[in-house]
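Report on the structure given below.
Position 1 is the first residue of the sequence; numbering continues from there.
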Amino acid sequence: MKVIRFLRKPYPYDPPTWGRSLRLATGIGSFIAVFLMIFQPFGLEQIPSQFRLLYILGYGGITFTAILIFQMGVKRIFRGFFKEESWTTGKEMIENLGILLLIGMGNYTYTLIIGGTFWSFSNFIFFLMATVAVGIFPITILVFLSYAKVLKNNLMEAQIMEMAIQKRPLTTDLTIVRISSKYQQEDLSLPLSALLWISSADNYAEVVSVLDGKIKKSLVRTTLSELEESLSAKGILRTHRSYMVNLNLVIHIEGNAQGYQLFFEGFEQAIPVSRKYAPQVKAWLKK
């Protein structure tokens with residue numbers, strides 16, 4: 001089904017930070033407070049006028065708190081689910097549904113405290129369903145529009161970079177590249193034209209190369225951050241938190257909503273380019 005295929009599409013993921021989470025929570029919480037003040041749904045107009053603004057601001061505060069708890073609490077507890085490389089439109093919808101349910105629980109608790117309702121399971125479910133009903137439709141539209149916009153931009157940029165790739169030959173540069181280890185005896189040296197990519201492997205970096213027609217994988221005790229400065233001048237750039245790529249040997253590039261994917265001759269594996277590192281990759285390929 002088309003809906004199932006759409007929900008499996010890659011979707012851009014922003015790892016939570018305090019700054020980003022505070023901006024998001026403040027923006028949405030403020031919007032909710034203004035919306036409730038203007039339209040006063042769910043019987044809010046029955047609140048005495050002298051208390052109405054204060055009570056409505058409380059609902060905005062609940063939204064602010066729920067989003068902050070989800071972003072900086074739930075996402076950190078369930079790190080295995082919230083992973084950039086496996087993030088999809090379906091997971092984005094699940095995240096937003098989780099936030100709505102958390103807001104619904106907060107709204108019900110707050111309404112109990114201010115005396116706007118009484119405890120019953122049916123009332124609790126009503127608050128949850130009402131919150132989801134109000135939020136799910138605009139969230140679905142926003143997810144779809146955001147996906148379409150980012151995908152369109154990335155596909156266009158991928159085409160431009162693809163043309164740049166096709167105009168230049170693959171490097172045959174035999175300049176020796178040195179991958180320095182924390183232990184000098186483990187240093188790795190190989191020709192630039194043999195090195196394909198380097199990936200993060202716990203406390204090691206896995207270097208993938210092709211020597212004499214054979215694929216070779218070598219582990220070096222170092223991190224990608226330590227290699228960036230020394231290798232970037234040779235066209236070996238960070239493309240993702242887990243990858244560095246020899247852009248001299250990339251033969252094809254594709255775009256999706258998360259960013260880009262790089263391909264090498266004879267390899268089916270796609271190396272991701274995340275949004276954080278996309279500008280430097282684009283700048284290098286276009287030069």
Next item on the list: Say whether, by atom type as modelled, one donor and one acceptor occur between the side chain of Ser21 and the main chain of Thr17 under 3.5 angstrom.
Entry: yes
Checklist line | Backbone of Arg8 reached by a side-chain donor or acceptor of Thr88 within 3.5 Å | finding: no
Item checked: Check: Asp187/Ser180 side-chain N/O donor and acceptor closer than 3.5 Å -> no
Notebook entry, point to check: Of the non-hydrogen atoms in Thr239 and Pro272, which two are nearest, and what is the gap between them?
Noted result: OG1-O, 3.0 Å
Margin query: Quick check on the hydrophobic clustering: are Leu53 and Ile114 connected, directly or via other members, by side-chain heavy-atom contacts under 4.5 Å?
Written below: yes
Margin query: Main chain of Met37, side chain of Gln40: is a donor-acceptor contact present, judged purely on distance under 3.5 Å?
Written below: yes
Check: Does the Glu206 side chain pair with the main chain of Ser199, one donor and one acceptor, at a distance under 3.5 Å?
Finding: no
Check: What distance do Thr111 atom OG1 and Asn123 atom CG have between them, rounded to the nearest 0.5 Å?
Finding: 9.5 Å
Check: Sub-3.5 Å donor-acceptor pair from the side chain of Arg241 to the main-chain atoms of Lys276, do we have one?
Finding: no
Note to self: Hydrogens and angles aside, do Ser274 and Tyr243 bring a side-chain donor and acceptor to less than 3.5 Å of each other?
What the structure shows: no
Notebook entry, point to check: Short question: side chain of Arg76, backbone of Gly73 - any donor-acceptor pair under 3.5 Å?
Noted result: no
Next item on the list: Indicate the ring-plane relationship of Phe70 and Phe82, choosing parallel, tilted or perpendicular according to the 30° and 60° boundaries.
Entry: perpendicular
Check: Counting only N and O atoms by type, is there a donor-acceptor contact under 3.5 Å from the side chain of Asn96 to the main-chain atoms of Ile139?
Finding: no
Note to self: Donor-acceptor pair, distance only, cut-off 3.5 Å: does the side chain of Asn246 make one with the backbone of Leu192?
What the structure shows: yes
Notebook entry, point to check: Does one hydrophobic cluster hold both Ile179 and Val208, with members joined at side-chain heavy-atom distances below 4.5 Å?
Noted result: no
Item checked: Pairwise ring pair (Phe, Tyr, Trp, His ring centres under 6.0 Å) hits with a residue in residues 130-173, at least two apart -> Phe6-Phe144, Phe6-Tyr147
Next item on the list: Look at the side chain of Gln258 and the backbone N and O of Trp87, then say whether any donor-acceptor pair between them is shorter than 3.5 Å.
Entry: yes
Checklist line | Minimum heavy-atom distance between Leu231 and Arg178, given as atom pair plus value | finding: CD2-O, 4.1 Å
Next item on the list: Over all heavy atoms of both residues, which pair between Thr131 and Leu100 is shortest? Give the atoms and the distance, please.
Entry: CG2-O, 3.3 Å
Margin query: Run Glu95 and Lys75 through salt bridge (charged side-chain N to carboxylate O under 4.0 Å, His left out) and show every step you take.
Written below: CA-CA 9 Å; Glu95 174 185 339; Lys75 282 189 173 183; 3.0 Å; yes
Next item on the list: Give the ring-plane orientation class for Phe264 versus Trp197, where under 30° counts as parallel, over 60° as perpendicular and anything between as tilted.
Entry: tilted
Item checked: Minimum heavy-atom distance between Ser30 and Thr26, given as atom pair plus value -> OG-O, 2.7 Å
Check: Between Leu112 and Thr117, which heavy-atom pair has the shortest distance, and what is it?
Finding: CD2-O, 3.7 Å
Notebook entry, point to check: Which distance, rounded to the nearest 0.5 Å, do you find between the CD1 of Ile103 and the CG of Leu128?
Noted result: 11.5 Å
Next item on the list: May I ask you to decide if Ile47's main-chain N or O and Arg52's side chain share a donor-acceptor pair within less than 3.5 Å?
Entry: yes
Item checked: Pairing residues for Ala270 by the side-chain contact (heavy atoms from CB on, under 4.5 Å) criterion, not counting sequence neighbours -> Gln261, Phe263
Next item on the list: Anything under 30° is parallel, anything over 60° is perpendicular, the rest tilted; go ahead and classify Phe51 against Tyr55.
Entry: parallel
Notebook entry, point to check: Side-chain donor-acceptor pair under 3.5 Å between Thr222 and Glu226, yes or no?
Noted result: yes
Check: Can you name the closest pair of heavy atoms from Leu219 and Ala201 and give their distance?
Finding: CD2-CB, 4.3 Å
Notebook entry, point to check: Taking atom types as modelled and ignoring hydrogens, do the side chains of Ser86 and Tyr13 form a donor-acceptor contact shorter than 3.5 angstrom?
Noted result: no
Note to self: Pairing donors with acceptors under 3.5 angstrom, does anything connect the side chains of Thr223 and Ser225?
What the structure shows: no
